[in-house]
Amino acid sequence: MNRQFIEAYYAAYNSEDPTLLQKFYADDVVLISAQGELRGAAAILATYRFLTEQFYDRMTPEQIVIDGNTAVVDIIDIFTAKRDVADFMGMALRAGETLELRLRGTYTVAAAVNDKKFTRIVIELLA
């Protein structure tokens, strides 16, 4: 894993193209966040499609620290509502309104040198 790989992941995420994003996930990837645990690339991509139907979701990596097969990334995530959203993380947003979150993502790829797919992702909300 390297910085270029992580930056390419965020470019794919921000593209709103699930096909580009899918290339970064192992079939059995696990994503853990405040919303719970998602298992499998299909579950993560279904959530991604749901989010991008309602929001422009732009993640910007602020700091990337890589140690072996793990990267820890501090992220600014800005959600802009495409339409009125009655409840997102306990709040209502009108079309055009934004919500900014500061997150930390811990991304793990398989230990195999040539495996360039995430096997585990943990997303935490920073204060």
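We number each residue from 1, following the sequence as shown.
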Can you find a pair of side-chain heavy atoms, one from Met59 and one from Ile76, that are under 4.5 Å apart? no
Sidechain-backbone polar pair: Asp77 side chain, Leu101 backbone, donor-acceptor under 3.5 Å: no
So, do Phe5 and Tyr10 have ring centers that fall under 6.0 Å from each other? no
Between Ile78 and Ile75, is there shared hydrophobic-cluster membership here, with clusters defined by ILVMFWY side-chain heavy atoms closer than 4.5 Å? no
Please step through side-chain contact (heavy atoms from CB on, under 4.5 Å) for the pair Ile123 and Gln35, ending with a clear verdict. CA-CA 10 Å; Ile123 302 293; Gln35 285 71 45; over 6 Å; no
Apply salt bridge (Lys or Arg N to Asp or Glu O under 4.0 Å) to residues Arg58 and Glu16 and explain how you reach the verdict. CA-CA 9 Å; Arg58 298 297 179 260; Glu16 295 191 12; 3.3 Å; yes
Starting from the C-alpha separation in whole Å, work towards a yes-or-no answer on side-chain contact (heavy atoms from CB on, under 4.5 Å) for Ile32 and Ile121. CA-CA 6 Å; Ile32 300 166; Ile121 302 169; over 6 Å; no
Carefully, step by step, assess Met91 and Glu97 under the rule side-chain contact (heavy atoms from CB on, under 4.5 Å). CA-CA 11 Å; Met91 62 188 309; Glu97 289 185 325; over 6 Å; no
If only atom types and distance count, is the side chain of Thr47 paired as donor or acceptor with the main-chain N or O of Ala43 below 3.5 Å? yes
Identify the heavy atoms of Pro18 and Leu45 that sit nearest to each other, and give their distance. O-CD2, 3.8 Å
Going by heavy atoms in the side chains, are Leu93 and Leu99 under 4.5 Å from each other? yes
Test your reading of the model: is there a side-chain donor-acceptor pair from Gln22 to the backbone of Thr19, 3.5 Å cut-off? no
Could you check Val73, Ile64, Val65 and say which one makes a side chain to side chain contact (heavy atoms under 4.5 Å, CB included) with Arg3? Ile64
Would you confirm whether Asp74, through its side chain, and Glu62, through its main-chain N or O, come within 3.5 Å as a donor-acceptor pair? no
So, for Tyr13 and Phe24, is the gap between ring centers shorter than 6.0 Å? no
Going by distance alone, is a donor N or O of one side chain under 3.5 Å from an acceptor N or O of the other, for Tyr25 and Tyr48? no
Tell me, yes or no, whether the heavy-atom count around Glu100 atom CD, taken from other residues, nucleotides or ligands under 6.0 Å, exceeds 12. yes
Compare all side-chain heavy atoms of Leu103 with those of Leu125 and state whether any distance is below 4.5 angstrom. yes
Indicate the atoms forming the closest heavy-atom contact of Val29 with Arg120, along with that distance. CG2-N, 4.0 Å
Within 45° of the ring axis of Phe55 and under 6.0 Å from its six-membered ring centre, is that where the NZ or CZ of Lys82 lies? no
What is the distance from atom CD of Gln54 to atom CZ of Arg49, rounded to the nearest 0.5 Å? 15.0 Å
Would one find more than 12 heavy atoms of other residues, nucleotides or ligands at under 6.0 Å from atom CG of Asp27? no
Using the benzene-type ring in the case of Trp, are the ring centres of Phe88 and Phe79 under 6.0 Å apart? yes
If I compare all heavy atoms of Met1 with all of Ile66, which pair ends up nearest, and what's the gap? O-CG2, 3.7 Å
For a quick test of reading the model, state the closest non-hydrogen atom pair linking Gly96 to Thr80 and the distance between them. O-CG2, 3.8 Å
Specify the closest pair of heavy atoms between Asp87 and Gly90, including all atoms of both residues, with the distance to one decimal. OD1-N, 3.0 Å
Say whether Ile6 and Leu31 are linked into one hydrophobic cluster, either directly or through other cluster members, by side-chain heavy-atom distances under 4.5 angstrom. yes
To the nearest 0.5 Å, what is the distance between CZ (Phe118) and OG1 (Thr70)? 10.5 Å
Smallest heavy-atom separation, Glu124 atom then Thr106 atom, equals OE2-OG1, 4.4 Å
